[in-house]
Peer 1: 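Dropping a structure here in structure tokens format, bear with me for questions.
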Protein chains: 2
Amino acid sequence: MKNQSDAGLEARLTAPLEIMLASFAPIGIEGRDLVRRSFSGAPQHQPSGAAIPMDPERNQARLVASGWIARGAMLNDGRRQIIGLSLPGDVIVASGSVDADLLVWALTDVVTVDATAFWTTLSEPGAQASPLSEAWRRCRTAERLRMARQVVRLGRLNAYERTAHLLLELHERQVRLGTARGGALHLPLTQDVLADILGLSAVHMNRTLQQLRRNVLVDYRTGRTLLQDLPGLVQAANLSAVCGPLIPPP
Amino acid sequence: MKNQSDAGLEARLTAPLEIMLASFAPIGIEGRDLVRRSFSGAPQHQPSGAAIPMDPERNQARLVASGWIARGAMLNDGRRQIIGLSLPGDVIVASGSVDADLLVWALTDVVTVDATAFWTTLSEPGAQASPLSEAWRRCRTAERLRMARQVVRLGRLNAYERTAHLLLELHERQVRLGTARGGALHLPLTQDVLADILGLSAVHMNRTLQQLRRNVLVDYRTGRTLLQDLPGLVQAANLSAVCGPLIPPP
DNA sequence: CGAGTCTTTGATGCATATCAAGCTTAGTGG
DNA sequence: CCACTAAGCTTGATATGCATCAAAGACTCG
């Protein structure tokens, strides 16, 4: 009985991961079941704003089951930079920061599960050639690519380009998850948070969003945003935001 | 005979990797030998400025045996951003960029070897618990950490802080390799390249380096740079640059 | 010794930060 | 149901860090 309810619970928790993996490469029923079997720990709930404890030694990796998470750094004088966002289906790895200057916190209410077993499973010999491991490989490559593009964004794009590019990236990720349809996506981010992702001040973030609205590219509202002109955004971004093959969700 | 000379050559090619791994965790004689046995392909030479071909499918990973390599992106209007530097001992992974907007090129004359076998070896079951794999894990963690810090650097540090931080990072990496002694390090980077790492213009890069010299923190010259005041630089950087445990090279 | 690649310097402009204040919205308690 | 509050959004004025442009010195190398 406990097992049964657990199985149901796990299936729900891993749903975003299954969907995202399948968007990179078909993983088959076996792949799907292997994913489900790899998560058995108790889910942890964190309220919006809470820190997510990431012990670099134990507790190596956590799967985001629902909610949005920010990984970032805080300087002594209060400046804050968000390094990346983790959405449902993403796996967060402890950065093992020596000085603990890297933080992970919840942007919304969040549910996470320990992913160490999953991590290990995909490093095992048999997994090396499976369809699942191929999807996982592409998924990790996409993550590295996103990080690389975050560097380019901050280093060489202006505020307008940065914003367009970030919105396209978040759009692609949500299309993979099946939570965005035709440019409409769920964005539970305040302009403050957006600014900390893009290395801007909150004031300038606001003005940049207004500019995008004036040019009829984006209609931004907290929680519910509409990309009105995808090709226009791609042109405005000046940098590709595509992160891998995209097999549309069913 | 061929085998014998090959063995000698391979030992030399992998030397930086062995040293760097050992700086993160002791790898033992077996680890060292496993590293040496994992590289058998012909070394490739590239002159300074040449592109390093990185086929995302085959040719997954390459070890830098000597020379400096830049990974970066080029925008259509000529803006360039270097995402990271690869030094001897580093392994470059194909980003599998869909749009091929990410490039890898040689900053100096360079020798690389295919590292796919090495990569695979360390994913095998037996390797999971070996000292070598522990060193490798820490090494990869350090790389992720460096990338994260590059984001913070570009997003929230000013030119002065960025420069101090980058120099500290390069210092640490060379201390690991045993190629830096007491603040003196080898920097085969033009100010142009430094600017493209730090997201600055070459002119401002120059002025920032002068400022560091005036404050007696750094004596910069292409090819040979001296960090005159490490604690001062750490303070100026405003962000930790330490990337992992540091076991001093023998 | 000439030609290219780097570095340095000065003058000017712009993108973005900062400061300060009003406004809007949603949630809370009386 | 209505103050009351706090969080977020918006706007204007001002300041500044860095880019850009232009040109002149330093090096290096054939």
Side-chain angles (χ1 to χ4, degrees), chain A residues 47-50 68 70 75 77-82 105-109 153-166 187-215 218-225 236 238, chain B residues 47-50 68 70 75 77-81 105-109 153-166 187-214 218-225 236 238:
Chain A
S48 173
W68 287 46
L75 306 189
D77 58 359
R79 281 177 287 179
R80 198 175 63 164
Q81 176 66 45
I82 291 176
W105 71 94
L107 294 174
T108 67
D109 291 354
R153 212 151 55 187
L154 293 172
R156 290 301 184 201
L157 301 192
N158 62 33
Y160 192 76
E161 294 166 322
R162 279 184 221 182
T163 310
H165 189 265
L166 176 67
L187 266 198
L189 305 174
T190 65
Q191 297 185 6
D192 230 323
V193 170
L194 277 177
D196 280 336
I197 301 170
L198 296 176
L200 300 169
S201 71
V203 171
H204 200 66
M205 187 72 252
N206 179 281
R207 295 191 164 123
T208 306
L209 287 169
Q210 288 179 52
Q211 209 180 335
L212 283 165
R213 178 159 359 115
R214 254 181 275 122
N215 295 349
V218 175
D219 180 26
Y220 173 87
R221 295 173 219 182
T222 323
R224 189 174 191 73
T225 291
N238 243 318
Chain B
S48 173
W68 288 46
L75 307 188
D77 58 0
R79 281 177 288 180
R80 198 175 65 163
Q81 176 65 44
W105 71 95
L107 293 173
T108 67
D109 291 354
R153 213 152 53 188
L154 293 172
R156 289 300 183 203
L157 299 193
N158 61 32
Y160 191 77
E161 295 166 322
R162 280 183 219 183
T163 310
H165 190 264
L166 176 67
L187 266 196
L189 305 173
T190 65
Q191 297 185 10
D192 228 324
V193 170
L194 276 177
D196 280 336
I197 300 170
L198 295 177
L200 300 169
S201 69
V203 171
H204 200 67
M205 188 71 253
N206 179 282
R207 293 188 165 126
T208 305
L209 287 169
Q210 289 178 52
Q211 209 179 334
L212 282 164
R213 178 160 359 115
R214 254 181 278 121
V218 175
D219 179 26
Y220 173 87
R221 294 173 221 182
T222 323
R224 189 174 190 74
T225 291
N238 242 318

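No experiment lies behind these values; they were computed from the predicted model shown. So that the names make sense, note that chain A is the first sequence line, chain B the second, and so on, each numbered from 1.
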Peer 1: Will you find, in the side chains of Gln211(A) and Asn215(A), an N or O donor that is under 3.5 Å from an N or O acceptor?
Peer 2: no

Peer 1: Please confirm whether the shortest side-chain N or O distance from Gln210(B) to OP1 or OP2 of dT7(C) is below 4.0 Å.
Peer 2: no

Peer 1: Can you name the nearest heavy-atom pair linking Arg79(A) to Leu157(B), along with the distance?
Peer 2: NH1-CA, 4.0 Å

Peer 1: Using only modelled atom types and a 3.5 angstrom limit, is any donor from either the side chain of Arg207(B) or the base of dG10(C) paired with an acceptor on the other?
Peer 2: yes

Peer 1: Could you tell me how far apart Arg221(B) (CZ) and dT8(C) (P) are, to the nearest whole angstrom?
Peer 2: 11 Å

Peer 1: Does Ser48(B) reach the main-chain N or O of Leu107(B) with its side chain, forming a donor-acceptor pair under 3.5 Å?
Peer 2: yes

Peer 1: Working to the nearest 0.5 angstrom, can you tell me the gap between Leu189(B) CG and Leu187(B) CG?
Peer 2: 5.5 Å

Peer 1: So if I take every side-chain heavy atom of Thr190(A) and compare against dC9(D), dC6(C), dA19(D), which nucleotide ends up nearest?
Peer 2: dC9(D)

Peer 1: Just the rounded figure in Å: distance from P of dT16(C) to CG of Leu209(A).
Peer 2: 13 Å

Peer 1: Can you pull every protein N or O that's under 3.5 Å from an N or O on nucleotides 25-30 of chain D?
Peer 2:
none

Peer 1: Rounded to the nearest Å, what distance is computed from the NE2 atom of residue His204(B) to the P atom of nucleotide dA11(C)?
Peer 2: 17 Å

Peer 1: Do any side-chain atoms of residues 195-202 of chain B form donor-acceptor pairs under 3.5 angstrom with protein atoms, and if so which ones, sequence neighbours left out?
Peer 2:
{"residue": "Asp196(B)", "atom": "OD1", "partner": "Arg156(A)", "partner atom": "NH2", "Å": "2.7"}
{"residue": "Asp196(B)", "atom": "OD2", "partner": "Arg80(B)", "partner atom": "NE", "Å": "2.7"}
{"residue": "Asp196(B)", "atom": "OD2", "partner": "Arg80(B)", "partner atom": "NH2", "Å": "2.6"}
{"residue": "Ser201(B)", "atom": "OG", "partner": "His204(B)", "partner atom": "N", "Å": "3.2"}

Peer 1: Is there a side-chain polar atom (N or O) of Arg162(A) under 4.0 Å from OP1 or OP2 of dA15(C)?
Peer 2: no

Peer 1: Find the distance Asp192(A):CG to dA7(D):P and express it as a whole number of Å.
Peer 2: 12 Å

Peer 1: Measure across Arg213(A) and Asp219(A) and return the closest heavy-atom pair with its distance rounded to 0.1 Å.
Peer 2: CD-OD1, 4.0 Å

Peer 1: Heavy-atom nearest nucleotide on DNA chain D for Ala202(A) versus Asn158(B): which residue maps closer to 5'?
Peer 2: Ala202(A)

Peer 1: Can you figure out which of dT16(C), dC18(D), dT18(C) approaches the side chain of Val203(A) most closely?
Peer 2: dT18(C)

Peer 1: Specify the separation, in whole Å, of atom CG of Leu154(B) and atom P of dC18(D).
Peer 2: 12 Å

Peer 1: Nearest-Å distance, CE (Met205(A)) to P (dA17(C))?
Peer 2: 10 Å

Peer 1: Nearest to the side chain of Gln191(B), which nucleotide is it out of dC6(C), dC9(D), dT8(C)?
Peer 2: dT8(C)

Peer 1: Within the side chain of Thr108(A), is there an N or O that forms a donor-acceptor pair under 3.5 Å with the backbone of Trp68(A)?
Peer 2: yes

Peer 1: Between dT7(C) atom C1' and Leu194(B) atom CG, what is the distance in whole Å?
Peer 2: 13 Å

Peer 1: Please state whether the phosphate of dT7(C), meaning OP1 or OP2, lies under 4.0 angstrom from any side-chain nitrogen or oxygen of Asn206(B).
Peer 2: no

Peer 1: To the nearest angstrom, how far is Arg214(B) atom CZ from dT8(C) atom P?
Peer 2: 11 Å

Peer 1: Where the side chain of Ser201(B) is defined as all heavy atoms beyond and including C-beta, which of dA17(C), dA19(D), dG8(D) is the nearest nucleotide?
Peer 2: dA19(D)

Peer 1: Which atom names give the shortest non-hydrogen contact between Leu166(A) and Arg153(A), and what distance separates them?
Peer 2: CA-NH1, 3.4 Å

Peer 1: Would you classify Gly199(B) as touching base, sugar-phosphate or nothing, given that sugar-phosphate means primed atoms plus P, OP1 and OP2, and contacts are heavy atoms under 4.0 Å?
Peer 2: sugar-phosphate

